[in-house]
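Worksheet: one structure, shown below.
Just so we're on the same page: letters track the sequence lines, and every chain starts at 1. What you see below is based on every heavy atom in this structure, not just the backbone, and it leaves out hydrogens, waters and symmetry mates.
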Amino acid sequence: MASRIEILNDGGFRSDGRKQYELRDISFDLSPQSSADGSASVSHGLTQVVVSVFGPREAKMRRETIHDRANINVEVNVAPFSAGERRRRGRGDKRILEFGSIIKSTFEPVIQTSLYPRSQIDIYVQILQQDGGVLQACVNATTLALASAGIPLLDFVCAVTGGVHSTSPLLDLTTLEENDVPHVTVAVMPRTGKVTLVTMETRLHVDRFEEIFRLACEAGKVLHKEMRAAVRERTGVLVAAIGAAPRGTSAGMDAGDRDVVMDERIDDY
Amino acid sequence: MAAAVASSSTSTSQQTDTLKAATFQRLHPRIYLERFLAESVRPDGRALEQARDITVNVGSITTADGSSLVRLGDTTIVCGVKAEIAEPELDSPNEGYIVPNLDLPAICSPRFKPGPPSEEAQVLSDRLNEAFLASKIIDLSSLCIHSGKAVWVLYVDATCINYDGNAFDAALIALVAALRNTHLPKATYDEDTGLTVCSRRERIPLQINASPLSMSFGIFESTHLLADPTSFEEPLLDTTVTVVLTDKGELVSATQVGLGGTGSQDVLMSCIGIAKRRLAEVRPQIYRS
């Protein structure tokens with residue numbers, strides 16, 4: 001009889017050695033891809049996603065333009081080698097289309113589209129490796145890519161998956177846990193605490209739901225700190241690059257003054 | 001951005017110069033390139049026969065049996081290898097299959113529209129397959145598990161995540177690097193049940209015979225031979241030449257699409273010479289894994 005891998009053992013440890021509320025290793029990489037206006041690569045443990053943003057730019061299809069705001073278009077591409085089993089999913093795959101439309105409706109109220117009427121913002125998502133929490137990684141990467149493209153947002157959008165194993169809540173699930181345990185993905189805007197996405201496709205008792213929902217919102221705030229640090233670091237790199245540009249006689253003082261001004265702006269945000 | 005407040009006159013005139021150059025590049029790309037080539041240099045500062053730097057990173061995708069991430073200048077390609085088991089063809093019962101594929105999705109460049117794979121992606125995939133067959137990169141009989149019943153099929157999928165010209169060269173490097181990184185589980189065919197059993201623990205690296213390396217060139221206005229064109233130069237070139245060598249320096253294939261020669265040199269021979277020098281240069285980087 002094959003032994004089943006325990007989701008949560010008596011010592012409070014999960015199958016990959018984490019504690020109940022522990023998130024996986026996160027990496028946020030905002031280094032630019034040259035052709036995109038903004039891009040970000042996010043990994044939560046083994047789940048890896050790259051998002052590139054083009055826009056706002058002239059709409060390719062006239063009939064999809066809206067007279068008073070920008071049109072958001074999300075395209076998702078899943079690499080055939082990303083999941084355990086090789087599967088080549090076409091673009092028209094219903095699951096992928098649903099994925100794209102979930103991301104679109106998550107960001108529609110957050111992007112200030114009324115600033116760019118009749119134009120288009122294209123968000124291209126490339127999923128490189130899947131190990132659970134793919135939607136959360138896509139949402140986080142999209143936020144960072146939009147910020148990197150300089151598109152105005154109301155706030156960061158931070159997403160986390162949460163699940164409940166009998167009565168114990170878990171955060172940031174891997175594939176093994178997602179297959180076994182009812183789970184929900186929540187995306188929050190950390191400053192106001194407003195929620196832009198809640199999606200659940202498994203059955204969960206309503207009493208358990210409130211607890212895991214609250215926990216996921218808290219975890220979103222934790223992610224927000226990390227995301228903000230990543231954006232600051234990237235901004236710091238850019239500011240240093242501008243500061244290093246050749247200038248006239250008052251070089252030293254100008255660079256000094258300029259740096260102070262930029263830092264204050266970052267702190268305000 | 002309020003940062004442009006205090007700037008001396010030299011920096012503003014530099015900014016307007018850069019703006020003028022960028023506008024000229026957009027409006028008159030051909031003349032822009034001509035002016036650079038007249039000085040024997042290219043817009044990104046390279047010499048005419050110089051190719052861009054290559055960065056190779058293998059093994060980062062654990063869900064795949066082998067993977068690689070390659071950057072040729074700004075052109076970035078991710079490649080993953082997945083192995084499956086299938087029945088062999090009736091007339092070659094001892095041979096497995098290798099199925100390479102290159103995808104150029106909309107994410108990599110504004111010039112690719114969302115939709116089914118473009119003609120360019122399909123043509124490049126086919127050429128990559130031909131390079132594999134011609135170079136005999138893997139002995140297909142080494143992929144046989146049980147003659148006539150079970151063989152390995154290697155799906156080698158490459159996706160371009162940033163396009164700056166010359167996807168073919170970058171993709172071939174990525175495919176070869178991913179295959180060199182591939183480990184297959186030890187498989188045994190059970191005659192009684194007709195099923196193949198794979199070991200969970202034992203993994204055997206693939207036997208690679210020859211690693212092909214390609215080098216692409218373009219000919220501008222039938223006068224200049226440019227190596228490794230970028231996405232700015234590509235549409236301006238009327239002829240493209242691709243040379244594929246193995247890591248031992250043997251010539252695998254040479255392809256020319258378009259009319260021209262440069263009038264002054266034997267194009268194909270000089271391309272092969274440049275490719276051999278390039279192979280010697282990049283060998284330590286690409287083949288260290």
Side-chain angles (χ1 to χ4, degrees), chain A residues 32-37 39 41 43 46-48 50-55 57 60-61 73 75-88 90-92 122-131 150 175 239 242-243 245-251 253-255 257-259 261-262 265, chain B residues 1-15 18 60-67 69 71 73-76 78-84 99 101 103-117 153-165 178 230-231:
Chain A
Q33 306 277 19
S34 66
S35 44
D37 292 320
S39 80
S41 162
S43 63
L46 291 179
T47 300
Q48 201 183 342
V50 173
V51 172
S52 285
V53 169
F54 291 81
R57 58 180 176 182
K60 295 282 157 71
M61 288 167 287
N73 177 39
E75 280 264 323
V76 177
N77 203 329
V78 182
F81 45 79
S82 61
E85 231 181 62
R86 180 191 188 264
R87 199 154 355 144
R88 201 180 156 73
R91 263 187 67 255
D122 287 306
I123 302 174
Y124 296 120
V125 179
Q126 176 74 36
I127 298 173
L128 294 176
Q129 209 179 348
Q130 300 187 50
D131 185 30
T175 307
V239 165
I242 297 171
R247 209 167 293 109
T249 47
S250 51
M253 190 144 75
D254 279 344
D257 283 347
R258 193 175 301 176
D259 281 346
V261 169
M262 295 300 284
R265 291 230 175 136
Chain B
M1 201 164 79
V5 165
S7 47
S8 72
S9 56
T10 47
S11 72
T12 35
S13 73
Q14 261 180 7
Q15 283 164 15
T18 331
S60 52
I61 300 183
T62 46
T63 46
D65 297 305
S67 63
L69 173 77
R71 278 199 191 91
D74 276 333
T75 300
T76 311
V78 179
C79 178
V81 178
K82 289 291 268 185
E84 285 183 10
V99 184
N101 186 51
D103 212 2
L104 295 172
I107 191 176
C108 64
S109 164
R111 55 177 270 210
F112 299 116
K113 313 268 186 305
V153 184
L154 298 178
Y155 290 104
V156 194
D157 297 294
T159 309
C160 184
I161 48 180
N162 196 42
Y163 182 81
D164 190 23
T230 61
S231 57

To the closest 0.5 Å, what do you measure between OG (Ser35(A)) and CG (Asp164(B))? 7.5 Å

Report the distance from atom OG of Ser39(A) to atom CD1 of Ile161(B), rounding to the nearest 0.5 Å. 8.5 Å

Applying a strict 4.5 Å limit to non-hydrogen atoms, the region of Leu46(A) in contact with chain B is side chain

CZ/Arg86(A): more than 12 non-hydrogen atoms of other groups inside 6.0 Å: yes

Heavy-atom pairs under 4.5 Å with chain A: which of Cys108(B), Pro117(B), Pro114(B), Ser67(B) has the most? Pro114(B)

Residue from Asn101(B), Asp74(B), Asp157(B) scoring the most non-hydrogen pairs under 4.5 Å with chain A is Asp157(B)

So, taking the atom named OG in Ser60(B) and the one named CD in Gln129(A), what distance separates them when rounded to the nearest 0.5 Å? 7.5 Å

For chain A, which candidate among Asp65(B), Thr76(B), Val81(B), Val78(B) shows the most heavy-atom pairs at distances under 4.5 Å? Val78(B)

Calculate, to the nearest 0.5 Å, the distance between atoms CD1 and CD belonging to Ile107(B) and Gln33(A) respectively. 7.5 Å

Inter-residue atom distance Cys79(B).SG - Phe81(A).CZ, 0.5 Å rounding: 6.5 Å

For the residue pair Ala106(B) and Phe54(A), what are the closest heavy atoms and their distance? O-CE1, 4.1 Å

Would you say that Thr63(B) contacts Gln130(A) through its side chain, given a criterion of any heavy-atom pair below 4.5 Å between the two side chains? no

Chain A contact via Thr62(B) - side chain, backbone, both or neither, heavy atoms under 4.5 Å: both

Please check: side-chain N/O of Lys82(B) versus main-chain N/O of Ser82(A), any donor-acceptor pairing under 3.5 Å? no

Side chain / backbone / both / neither for Glu75(A) at chain B, heavy atoms under 4.5 Å: side chain

Pair Asp103(B)-Asn77(A), side chain to side chain contact (heavy atoms under 4.5 Å, CB included): steps then yes or no: CA-CA 10 Å; Asp103(B) 212 2; Asn77(A) 203 329; 4.0 Å; yes

